[in-house]
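To start, the structure itself, in structure tokens.
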2 protein chains.
Amino acid sequence: MRVSRDQARQNRQRVVATSSALFREKGVDGVGISDLMSEAGLTHGGFYKQFGSKAELVEEACALALDDTMAFWDGYLEGAADPRARFIRAYLSQQQRDRVSEGCLLPALAGEARRETPAIRSVFTRAIHAYADRLDQPVDARTAQSRAEALSTLSEMVGAILLARVTDDPQLSNEILKAARDHILGAPPEATSDR
Amino acid sequence: MRVSRDQARQNRQRVVATSSALFREKGVDGVGISDLMSEAGLTHGGFYKQFGSKAELVEEACALALDDTMAFWDGYLEGAADPRARFIRAYLSQQQRDRVSEGCLLPALAGEARRETPAIRSVFTRAIHAYADRLDQPVDARTAQSRAEALSTLSEMVGAILLARVTDDPQLSNEILKAARDHILGAPPEATSDR
DNA sequence: ATTATCTATAGATCTATAGATAATGC
DNA sequence: ATTATCTATAGATCTATAGATAATGC
């Protein structure tokens, strides 16, 4: 029954990783300790030897969601001619809209996180800064104006994904994504970039 | 114990109204049938004589939230010189951010509503159309372009409120609101309109 | 007689804890 | 000896239903 110290560390990390996906997919209230533990191949009894409370896991899972997605974006944008445009186009794609459990934590969880602990809300503050940094000018060219633009662009991206996900009208959903892309990046020359 | 037909109708309506506020404030999973009924001055046993299920109440409560807020906005904007600007400024105010239980259902509940029944999601589709209509040109001047702009403006408004509510940094919260207002309406001539 | 509301409860959760078990780490 | 994980369970929910009660509406 017992397991090596290293195996235990891995088990714990697997709980955080599966929670990070399941919380985004089903919401924090939508999955119980049992679900999270058994998804990681464990039983629920061991949970409180690894975490102080569910809220503590939520905090870690949100932080991991942030770090993972940021690592993904930084890799995806590395060496791009226009990283900001590439970022915005990919973020506002149908793929990102549909892959909730691997996507940005802001549209997925910010609505509920508003009511969570200060520690959890501060992860969301970090997330806002992290995303705004990627939308802003290169570090040496930043101004109050460019920062305001970055925040306003982020608001539009997050809002568009949120609305595109909640509507039951698939056509409206795509229309919302396209409107946000075109508005932020300027309309495409032809009907080229609906994908 | 029994009550007149008219009184019963009023009781039922009071349950929907208090639910509409409580769901926005605490989330659908955050309030139980007991809470909703006792907030309306009733006991929980009578609930299922009035509603088929909790989901049915959620649908009605969201629809009422939409109708109430739209009636408010239409009154608030009636006769304004520039109704669109007045709408955007008020929606993106600190008051709207802080009055969650009386505010727009989109930032408050869209995140959870994604996982709800089709009937509930279709209320959110109606909400998107209703808000976009108020942001679009007068009916006879609408184009595909103006509609896309309305949707993109709505995304930014909803996203800005969502982010301004989730962060635990009050300064960042105000910065997000101001950035969205300035971006949508154009920067103010002087530092006039932070309020 | 009908019915709106009440009390009481079933059955299924959910978070958290207690104590047993069996393998690691000294 | 320590400890990671297991089984079992406490206590508090939550949705939904059953049956009683008392006032309305015919």
Side-chain angles (χ1 to χ4, degrees), chain A residues 1-62 109 112-113 115-117 119-120, chain B residues 1-62 109 112-113 115-117 119-120:
Chain A
M1 275 184 162
R2 196 184 163 192
V3 118
S4 81
R5 205 165 295 183
D6 189 63
Q7 183 60 251
R9 201 183 42 73
Q10 278 179 254
N11 287 348
R12 191 197 136 102
Q13 191 49 31
R14 213 168 51 253
V15 173
V16 178
T18 63
S19 300
S20 154
L22 280 174
F23 286 151
R24 276 175 281 181
E25 179 75 37
K26 298 163 177 285
V28 168
D29 291 343
V31 270
I33 310 285
S34 281
D35 303 317
L36 299 169
M37 292 297 275
S38 66
E39 185 76 16
L42 300 167
T43 58
H44 69 279
F47 182 83
Y48 290 90
K49 293 278 144 59
Q50 293 282 15
F51 303 95
S53 65
K54 189 181 182 185
E56 200 179 296
L57 171 64
V58 174
E59 183 193 339
E60 277 195 58
C62 287
L109 290 172
E112 315 175 41
R115 298 181 295 265
E116 298 284 349
T117 64
I120 294 170
Chain B
M1 276 183 163
R2 195 183 165 192
V3 116
S4 81
R5 204 165 295 184
D6 189 62
Q7 183 59 249
R9 200 183 44 72
Q10 278 180 255
N11 287 348
R12 192 197 135 101
Q13 192 49 32
R14 212 167 53 253
V15 173
V16 179
T18 64
S19 300
S20 155
L22 280 174
F23 286 151
R24 276 175 280 180
E25 179 76 36
K26 296 163 179 283
V28 168
D29 291 343
V31 271
I33 310 286
S34 282
D35 302 319
L36 299 169
M37 292 296 276
S38 65
E39 185 76 15
L42 300 167
T43 59
H44 69 280
F47 181 83
Y48 290 90
K49 295 278 145 58
Q50 292 283 15
F51 303 94
S53 64
K54 189 182 182 184
E56 200 178 297
L57 171 65
V58 173
E59 184 193 337
E60 277 195 57
C62 287
L109 289 172
E112 315 175 41
R115 298 181 296 265
E116 298 284 349
T117 65
I120 293 170

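Just so it is clear: chains get the letters A, B, ... in the order the sequence lines come, proteins before strands, and each one is counted from 1.
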Item checked: Stem list, DNA chain D (Watson-Crick or G-U pairing under 3.5 Å, at least 3 consecutive pairs) -> C:1-24 with D:1-24

Check: Can you tell me if the side-chain N/O atoms of B:Lys49 get under 4.0 Å from OP1 or OP2 in C:dT5?
Finding: no

Check: Rounded to the Å, how far apart are B:Asp6 CG and C:dT3 P?
Finding: 16 Å

Check: Of the non-hydrogen atoms in B:Ser19 and B:Leu57, which two are nearest, and what is the gap between them?
Finding: OG-CD2, 3.4 Å

Check: Got a second to check how far B:Arg2's CZ is from B:Gln7's CD, nearest 0.5 Å?
Finding: 12.5 Å

Notebook entry, point to check: Within a strict 4.5 Å, meaning less than it, do heavy atoms of the A:Phe23 and A:Leu36 side chains meet?
Noted result: yes

Notebook entry, point to check: Considering only C:dA16, C:dT5, D:dA16, which nucleotide approaches the side chain of B:Val3 most closely?
Noted result: C:dT5

Notebook entry, point to check: Looking at DNA chain C, which of residues 7-15 of chain A put a heavy atom within less than 4.0 Å of it?
Noted result: none

Margin query: In the structure I gave you, are the side-chain heavy atoms of B:Ser38 and B:Thr43 within less than 4.5 Å of one another anywhere?
Written below: no

Notebook entry, point to check: Is there a side-chain contact between A:Ile33 and A:Phe51 (heavy atoms, below 4.5 Å)?
Noted result: no

Notebook entry, point to check: To the nearest Å, how far apart are B:Asp29 CG and C:dT15 C1'?
Noted result: 15 Å

Check: Does A:Arg115 pair with B:Glu112 as a salt bridge, N-O distance under 4.0 Å?
Finding: yes

Note to self: Ignoring hydrogens and geometry beyond distance, is the side chain of B:Arg5 in donor-acceptor contact with the base of C:dT3 at under 3.5 Å?
What the structure shows: no

Margin query: Is the shortest side-chain heavy-atom distance between B:Asp6 and B:Gln10 below 4.5 Å?
Written below: yes

Next item on the list: Dump the intermediate steps for side-chain contact (heavy atoms from CB on, under 4.5 Å) on A:Val15 and A:Arg12, then the final yes or no.
Entry: CA-CA 5 Å; A:Val15 173; A:Arg12 191 197 136 102; 5.7 Å; no

Check: What distance separates B:Lys54 NZ from B:Thr117 OG1, expressed to the nearest 0.5 Å?
Finding: 12.5 Å

Notebook entry, point to check: If you round to the nearest 0.5 Å, how far is NE2 of B:His44 from CG of B:Asp35?
Noted result: 11.0 Å

Notebook entry, point to check: What integer distance in Å separates A:Phe23:CZ from C:dC14:C1'?
Noted result: 13 Å

Next item on the list: Mind calculating the distance between CZ (B:Phe47) and P (D:dA18) to the nearest angstrom?
Entry: 16 Å

Next item on the list: Check the distance between C:dT9's P and B:Tyr48's OH and give it to me in whole angstrom.
Entry: 19 Å

Checklist line | Closest-nucleotide 5' rank along DNA chain D - winner of A:Thr43 and B:His44 | finding: A:Thr43

Margin query: For the CG atom of A:Leu42 and the CZ atom of A:Arg14, what is their distance to the nearest 0.5 Å?
Written below: 6.0 Å

Margin query: In this structure, how many angstroms lie between the C1' atom of C:dA16 and the CD atom of A:Glu56, rounded?
Written below: 14 Å

Next item on the list: Indicate, yes or no, whether a donor-acceptor pair under 3.5 Å links the base of C:dT5 to the side chain of B:Arg2.
Entry: no

Item checked: DNA chain C: 5'-proximal contact among A:Gly52 and B:Gln50 (nearest heavy atom) -> B:Gln50

Note to self: Side chains of A:Arg24 and A:Ser20: any donor to acceptor distance under 3.5 Å?
What the structure shows: yes

Checklist line | Residues within residues 30-37 of chain B bordering DNA chain C, heavy-atom distance below 4.0 Å | finding: none

